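Comments concern the structure below.
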Amino acid sequence: MTTDEKLREVAKNEFPEWTYIFDDWYVADRDVSKHGLPAIIALLPFSGQIRMRNGQTRLSQNCSIAFVDRVRKDAKGEEKSEVYNRMLTAAIDFIVALNRSGYFTALEVTNFTVLYDQLSTIVTGVYIDITLEELQGRCD
């Protein structure tokens with residue numbers, strides 16, 4: 001199972017009402033307006049490592065995952081704050097679900113960045129930068 005398939009499964013199980021998008025920022029920006037919000041946007045991994053040991057290959061991929069929801073174009077800080085905090089809570093819940101999944105080593109520290117009006121669809125949220133290291137390797 002690929003890293004994307006594992007992420008998609010966690011998202012489907014833990015956030016069944018949310019839209020899940022796996023692509024780059026450009027395509028995700030276009031697709032988020034076509035699908036329902038809130039959305040989880042798993043961006044294509046930007047780098048990683050391949051580890052080969054004892055006849056197994058394990059991947060470690062550096063990823064960004066965004067959690068976004070719509071806000072009004074002229075929304076005030078309080079409204080954006082409500083959405084931002086809700087998306088931050090979703091990101092935390094997603095990390096907990098990833099840690100429980102048994103697919104990857106546990107995440108202990110995760111950086112996040114706040115999104116305000118950065119996509120063509122007016123959304124607010126957060127994205128997390130994480131390194132997903134497989135627990136089980138593939139046999140060579």
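Since this is a predicted model, take the numbers as computed values, not measurements.
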How long is the span from the [atom1] atom in [X] to the [atom2] atom in [Y], to the nearest 0.5 Å?
X	Y	atom1	atom2	answer
Y84	T124	OH	OG1	11.5 Å
L98	L107	CG	CG	6.0 Å
D69	E82	CG	CD	8.0 Å
Y103	E5	OH	CD	9.5 Å
D31	Y26	CG	OH	10.5 Å
C63	L7	SG	CG	6.0 Å

Using modelled atom types only, decide if a donor and an acceptor are shared between the side chain of [X] and the backbone of [Y] within a distance under 3.5 Å.
X	Y	result
N13	E9	yes
T19	G36	yes
Q61	P45	no

List the atom of [X], the atom of [Y], and the distance in Å for their closest heavy-atom pair.
X	Y	result
A66	W25	CB-CH2, 4.0 Å
M1	K6	O-CE, 3.3 Å
N62	G48	ND2-N, 3.8 Å
N99	T105	OD1-O, 4.2 Å
S60	T131	OG-CG2, 3.2 Å
G102	L135	O-CD1, 3.4 Å

Should the ring pair F15 and F94 be called parallel, tilted or perpendicular, given that the plane angle runs from 0 to 90° and is split at 30 and 60?
tilted

How about [X] and [Y]: do any of their side-chain heavy atoms sit closer than 4.5 Å?
X	Y	answer
E14	R100	yes
I21	V32	yes
V126	L115	no
F112	L88	yes
L44	D23	yes
F22	R8	yes
S64	F46	yes
V123	V71	no

Pairs involving residues 101-112, ordered by first then second residue, that meet salt bridge (charged side-chain N to carboxylate O under 4.0 Å, His left out) (sequence neighbours left out):
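Sorted pair list comes back empty.
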
Step-by-step salt bridge (charged side-chain N to carboxylate O under 4.0 Å, His left out) determination, E133 to R51:
CA-CA 10 Å; E133 184 177 334; R51 292 190 178 99; 3.3 Å; yes

Step by step, would you call D129 with T110 a side-chain contact (heavy atoms from CB on, under 4.5 Å)?
CA-CA 7 Å; D129 290 321; T110 304; over 6 Å; no

Between Y20 and D4, do the side chains contain a donor N or O and an acceptor N or O under 3.5 Å apart?
yes

Side-chain donor-acceptor pair under 3.5 Å between N85 and S81, yes or no?
yes

Same hydrophobic cluster for M87 and V114, using side-chain heavy-atom links shorter than 4.5 Å among ILVMFWY?
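They do share one cluster, since a chain of ILVMFWY contacts under 4.5 Å joins M87 to V114.
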
Derivation and outcome, side-chain contact (heavy atoms from CB on, under 4.5 Å), residues F104 and I130
CA-CA 11 Å; F104 309 105; I130 57 177; over 6 Å; no

Run the side-chain contact (heavy atoms from CB on, under 4.5 Å) check on I65 and I40 step by step: do they pass?
CA-CA 7 Å; I65 303 172; I40 297 170; 3.6 Å; yes

